[in-house]
Amino acid sequence: MNFFIDTANLDQIKEANDLGILDGVTTNPSLMAKEGIKGEEAIMEHYKTICSIVDGPVSAEVISTDFDGIIAEGKKLAKIHDNIVVKVPMIKDGIKAIKWFTENEINTNCTLVFSAGQAILAAKAGATFLSPFIGRIDDSNWDGVELIKQIVDIYNTQGYPTAVLAASIRNPLHIVKCAEAGADVCTCPLDSILGLLKHPLTDIGLAKFLEDAKSLK
Ligand code: E4P
């Protein structure tokens with residue numbers, strides 16, 4: 001399973017990249033707004049900077065909701081860098097746009113996915129990545145990981161090449177469960193990635209080894 005970081009914060013992207021385990025980045029308009037990025041030029045520049053830090057797919061989301069607008073925005077975003085993936089919402093014009101981008105060899109990430117039916121449509125349109133939002137599903141009292149399992153099963157059965165990118169990750173256990181469920185990618189906040197390091201027995205064991213190592217000097 002590949003690891004993407006789900007943020008537009010450059011320090012966090014650098015920290016995750018320095019770990020040596022980072023395969024890509026996802027952003028969305030809320031994450032960009034959180035960093036105070038404003039205006040088309042600043043947004044384009046920010047994506048360029050992210051692409052210079054991480055050597056892997058970088059999802060940049062369109063904010064248009066009509067076909068022509070999505071295509072115009074996506075074309076501009078795709079020109080920033082070869083690694084840009086145009087992130088398109090799961091709406092009717094979004095599906096049409098994903099089909100157009102597929103035919104024009106522009107990679108896409110279909111976002112705001114909450115059902116297996118939506119996953120089938122996105123795959124039929126040729127989406128490169130599919131982003132089911134598992135944390136938001138859990139927040140709504142359903143089981144996000146079960147949806148990942150269902151989509152992975154359907155894609156394997158039907159031979160769809162679209163990569164399942166588990167999004168809206170809330171904690172390290174989500175990452176483990178997505179790996180078990182067969183997600184191709186998990187996009188995570190830095191805290192959830194770093195949370196994978198934690199185990200009290202590791203801390204206790206290391207403290208003992210370091211204590212005993214004093215007698216070796
Ligand atoms: C990433 O592609 C999604 O936009 C993101 O994971 C959504 O996460 P949230 O539900 O925590 O906002």
Side-chain angles (χ1 to χ4, degrees), residues 1-10 12-13 16-17 22-37 43 46-47 50-51 53-54 56-65 70 73-74 77-78 80 83-91 94-95 97-98 101 106-115 118-119 121-123 125 127-148 151-152 162-179 181 183-196:
M1 184 174 77
N2 280 347
F3 270 63
F4 290 1
I5 188 165
D6 192 25
T7 185
N9 181 282
L10 297 180
Q12 291 187 12
I13 292 171
N17 196 50
L22 195 65
D23 301 296
V25 180
T26 53
T27 63
N28 63 37
S30 307
L31 294 171
M32 293 294 273
K34 205 168 155 190
E35 299 309 311
I37 319 290
I43 291 171
H46 201 74
Y47 284 133
I50 294 175
C51 290
I53 300 169
V54 180
V58 173
S59 285
E61 189 159 342
V62 298
I63 50 176
S64 299
T65 53
I70 295 172
E73 252 190 87
L77 290 168
I80 297 173
N83 284 344
I84 288 285
V85 173
V86 181
K87 204 171 175 193
V88 181
M90 165 45 75
I91 52 175
I95 288 297
I98 288 170
F101 288 129
I106 291 174
N107 290 329
T108 53
N109 174 355
C110 183
T111 189
L112 288 165
V113 170
F114 295 92
S115 76
Q118 292 176 328
L121 265 187
T128 318
F129 296 98
L130 177 92
S131 290
F133 278 27
I134 71 164
R136 293 192 197 186
I137 292 175
D138 287 2
D139 294 344
S140 310
N141 208 20
W142 285 322
D143 189 336
V145 172
E146 278 304 313
L147 178 63
I148 298 292
I151 296 170
V152 167
T162 299
V164 179
L165 191 171
S168 186
I169 296 296
R170 299 272 190 263
N171 53 56
L173 186 58
H174 265 160
I175 302 176
V176 173
K177 291 286 174 191
C178 285
D184 299 287
V185 190
C186 206
T187 189
C188 327
L190 181 61
D191 280 355
S192 299
I193 298 175
L194 296 179
L196 292 172

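All ligand and atom numbering here is 1-based and tracks the order in the structure. Quick caveat, the model's predicted, so the values are computed rather than measured. Residue numbers count from 1 along this sequence.
For atom 5 (C) of ligand 1, the closest non-hydrogen atom on the protein side is Asp6 OD2, 3.0 Å. For atom 8 (O) of ligand 1, the nearest protein heavy atom (residue, atom name, distance) is Ser168 CA, 3.4 Å.
The backbone N or O of Thr7 lies less than 3.5 Å from no partner atom in the side chain of Thr26, so there is not a single donor-acceptor pair. Between the side chain of Glu73 and the backbone N or O of Ser64, at least one donor-acceptor pair lies under 3.5 Å.
The only option from Ile5, Ile175, Asn171 that meets the side chain to side chain contact (heavy atoms under 4.5 Å, CB included) definition with Cys188 turns out to be Ile175. Of the residues Thr111, Asn109, Asn28, the one that meets the side chain to side chain donor-acceptor pair (under 3.5 Å) test with Ser131 is Asn109.
Ligand 1 has Arg170 within reach: a non-hydrogen atom of the residue lies less than 4.0 Å from it.
Considering only heavy atoms from C-beta on, Leu77 stays 4.5 Å or farther from Lys87 through its side chain. By the 4.5 Å heavy-atom criterion applied to side chains, His174 and Asp138 are counted as neighbours.
For a threshold of 3.5 Å applied to N or O pairs, the pair formed by Ser131 and ligand 1 contains no separation below that value. Ligand 1 has an N or O atom lying under 3.5 Å from an N or O atom of Asn28, backbone or side chain. Residue-to-ligand polar distances keep Thr187 apart from ligand 1: every N/O pair is separated by 3.5 Å or more.
Set against the non-hydrogen atoms of Arg136, the atoms of ligand 1 under 4.0 Å away are 7 (C), 9 (P), 10 (O), 12 (O). Atoms of ligand 1 found under 4.0 Å from any heavy atom of Phe133 (numbered from 1 in listed order, with element): 3 (C), 4 (O), 7 (C). Close approach of ligand 1 to Lys87 is summarised as follows: ligand atoms under 4.0 Å from at least one heavy atom of the residue are 1 (C), 2 (O), 3 (C), 4 (O).
Here the shortest heavy-atom pairing between Val164 and Val152 reads CG2-CG2, 4.2 Å.
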